[in-house]
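Predicted model, so just to flag it, every value in this text is computed and none were measured. All chains are named by letter (A, B, ...) in the order of the sequence lines, taking the proteins before the strands, and each is independently numbered beginning at 1.
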Number of protein chains: 2
Amino acid sequence: MVARRLPRALVAACVPLATRERILFEAAHLFAAQGFHATTTRQIAEAVGIRQPSLFHHFATKDAIVEALFDWDLGLALPRTRAVAALPEPAAVRLYRYLHDDLRHLEEAPYNLSGLYADEVIGRPEFAPWAERRDLLHRVVAGIVREGTAAGEFIEVDATLVSQAIAGILVRALTLHSGGRAPGRGLADEVARLVVRGLLADPAALEEVQGRAALLRLPGE
Amino acid sequence: MVARRLPRALVAACVPLATRERILFEAAHLFAAQGFHATTTRQIAEAVGIRQPSLFHHFATKDAIVEALFDWDLGLALPRTRAVAALPEPAAVRLYRYLHDDLRHLEEAPYNLSGLYADEVIGRPEFAPWAERRDLLHRVVAGIVREGTAAGEFIEVDATLVSQAIAGILVRALTLHSGGRAPGRGLADEVARLVVRGLLADPAALEEVQGRAALLRLPGE
DNA sequence: GTCTATACAGCGATAGAC
DNA sequence: GTCTATCGCTGTATAGAC
């Protein structure tokens with residue numbers, strides 16, 4: 001799947017994707033820019049280059065488009081995060097690796113996913129299963145932070161607050177990235193360094209943490 | 001204005017506010033929970049206890065409600081932040097004070113403002129003046145960070161990335177708070193400590209920074 | 001698989017009585 | 001200042017031809 005490593009604009013311009021994929025691509029971008037409710041099915045259809053009713057041949061409802069995007073994102077991120085969290089490594093290393101991988105995943109995504117995690121979307125009762133999975137992911141992250149504090153690696157902090165702050169940073173960093181920042185310039189490492197350094201009882205340990213995180217082998221890789 | 005220091009639920013239940021204020025209060029909460037576009041004028045009216053057309057006696061349009069909320073928030077935060085940024089103090093002290101004051105402002109707000117800063121609202125062309133003011137505030141914050149790095153107080157970081165990360169944390173911390181966390185439990189200081197510690201070249205200086213920030217006297221106080 | 005035509009519900013906003 | 005009644009528009013989704 002080399003397409004995921006190319007700049008999004010190139011993908012959109014050159015690669016002849018299936019209509020279903022192009023709907024997901026254009027819908028995600030419009031959701032990110034305008035919000036879900038402000039984006040009409042007519043706008044999505046126009047961006048794809050088809051008529052509005054033709055959308056409904058590929059997705060039964062507008063909500064189904066959102067579900068497909070959630071599935072693509074959380075369906076991958078949640079198992080991977082749990083795998084990282086379960087490794088027999090220091091909490092700082094696991095947290096670093098989680099941050100790095102999540103940011104890379106968002107950076108390399110063919111879709112701009114930053115519009116999905118606003119309360120107006122994921123907070124709707126119809127999407128409650130996805131909200132649960134997101135909360136579960138936050139709890140896994142909070143668990144790593146709590147273990148790090150207990151082990152003396154991290155300072156004393158409210159782990160829930162930290163996991164929420166991380167969620168806020170990730171969404172926001174993504175917005176910045178999709179706003180034109182060159183991908184691959186090290187955003188993933190830059191953010192991971194910033195967050196982990198702020199938590200480490202001994203910030204001088206950051207370099208070793210980053211090095212060990214980079215060497216981690218996840219199950220199935 | 002002692003009402004601002006009471007829990008919001010109490011305010012809503014006991015204090016007989018003017019209709020205009022109650023519209024702002026209920027609209028802000030609905031915008032935060034559902035998003036702007038998903039919130040209908042009928043829902044706002046129902047929450048206030050009047051009929052839908054009666055809203056338009058107090059606000060000419062639905063957008064005018066949003067404008068009033070932006071004015072209440074940014075109209076106060078922007079001048080205050082600029083005043084803090086201009087003080088002859090170390091960057092760490094100014095950043096700490098900004099974070100603390102902004103969080104207190106959000107905590108004590110009679111309105112839940114977390115719904116306004118989603119792209120679907122502030123990104124709309126009609127609200128471009130408010131987006132400009134928000135961006136200006138971010139640039140002021142980035143300026144403090146940049147000065148801190150230049151002075152050797154802060155580590156080497158991308159100041160724009162940091163200001164975006166801070167924006168993400170603030171919105172998210174607010175969501176957490178409005179979700180039932182007890183106010184006044186030190187959220188403002190907890191978040192400010194976390195962020196400033198992550199930036200300080202010498203994290204041990206945090207205690208002194210916090211102490212000096214608390215003693216800062218702003219012009220006109 | 002895409003089209004034209006259209007159903008039909010819900011939206012913001014207005015008119016005018018009280 | 002609030003009400004009832006209603007307008008005009010836009011939204012999602014469907015029907016059925018090609």
Side-chain angles (χ1 to χ4, degrees), chain A residues 12 15-70 115-116 118-127 130, chain B residues 12 15-70 115-116 118-127 130:
Chain A
V15 182
L17 292 167
T19 305
R20 192 192 146 88
E21 291 303 311
R22 293 178 46 224
I23 291 169
L24 289 172
F25 180 85
E26 300 293 349
H29 276 259
L30 286 164
F31 293 160
Q34 309 178 336
F36 171 75
H37 288 101
T39 300
T40 70
T41 52
R42 273 178 244 274
Q43 288 178 308
I44 299 170
E46 187 182 9
V48 172
I50 58 178
R51 301 288 177 175
Q52 182 256 357
S54 304
L55 284 180
F56 294 92
H57 177 78
H58 302 275
F59 295 95
T61 64
K62 189 185 171 190
D63 283 4
I65 300 176
V66 175
E67 301 244 19
L69 291 168
F70 271 131
L116 299 184
D119 271 342
E120 62 148 353
V121 181
I122 202 170
R124 286 178 51 203
E126 293 89 337
F127 299 136
W130 299 109
Chain B
V15 181
L17 291 167
T19 304
R20 191 193 146 89
E21 292 302 313
R22 293 177 48 223
I23 291 170
L24 290 173
F25 179 84
E26 300 293 348
H29 277 259
L30 286 165
F31 293 161
Q34 309 179 335
F36 172 75
H37 287 98
T39 299
T40 70
T41 52
R42 282 174 175 83
Q43 288 178 308
I44 299 170
E46 189 182 8
V48 172
I50 58 178
R51 301 287 177 174
Q52 182 256 359
S54 304
L55 283 181
F56 295 91
H57 177 77
H58 302 275
F59 296 94
T61 63
K62 188 185 172 190
D63 283 4
I65 300 176
V66 175
E67 302 245 19
L69 290 168
F70 271 131
L116 299 185
D119 273 341
E120 64 150 349
V121 181
I122 202 169
R124 286 179 51 203
E126 293 88 338
F127 299 134
W130 298 108

Let me know the distance between CD1 of Ile65(A) and C1' of dG11(D), rounded to the nearest Å.
-> 14 Å

Separation of dT6(D) P from Arg42(B) CZ (nearest whole Å) | 14 Å

Min and max contacting nt of DNA chain C in 5' to 3' order, chain A heavy atoms within under 4.0 angstrom, are dG1(C) to dA5(C)

Would you indicate whether the side-chain heavy atoms of Ile122(A) and Leu116(A) approach each other to under 4.5 Å?
-> no

For His58(A) and dA13(D), what is the distance between atoms NE2 and P respectively, to the nearest whole Å?
-> 15 Å

Measure from CG on Asp63(A) to C1' on dA13(D) and round the result to the nearest Å.
-> 12 Å

Residue pairs, two or more places apart or on separate chains, that pass side-chain hydrogen bond (donor to acceptor under 3.5 Å, both in side chains) and touch residues 55-70 of chain B | Asp63(B)-Arg124(B), Glu67(B)-Trp130(B)

Checking Glu120(B) side chain against Phe36(B) main chain: does a donor-acceptor pair fall under 3.5 Å?
-> yes

Give Thr40(A) one of three labels, base, sugar-phosphate or nothing, depending on what nucleic acid heavy atoms sit under 4.0 Å from its own.
-> sugar-phosphate

Gln43(A) side chain to Thr40(A) main-chain N or O, any donor-acceptor pair under 3.5 Å?
-> yes

In whole angstrom, what separates Glu46(A)'s CD from dG11(D)'s P?
-> 12 Å

Smallest separation among heavy atoms of Phe127(A) and Val121(A), with atom names | CD1-O, 3.1 Å

5'-most by nearest nucleotide on DNA chain C - Gln52(A) or Phe56(B) = Gln52(A)

Take atom CG of Leu55(A) and atom P of dT14(D), then tell me their distance rounded to the nearest Å.
-> 13 Å

Length of the CD1-C1' vector between Ile44(A) and dG11(D), whole Å | 12 Å

Salt bridge (Lys or Arg N to Asp or Glu O under 4.0 Å): which pairs involve residues 40-56 of chain B, sequence neighbours left out?
-> none

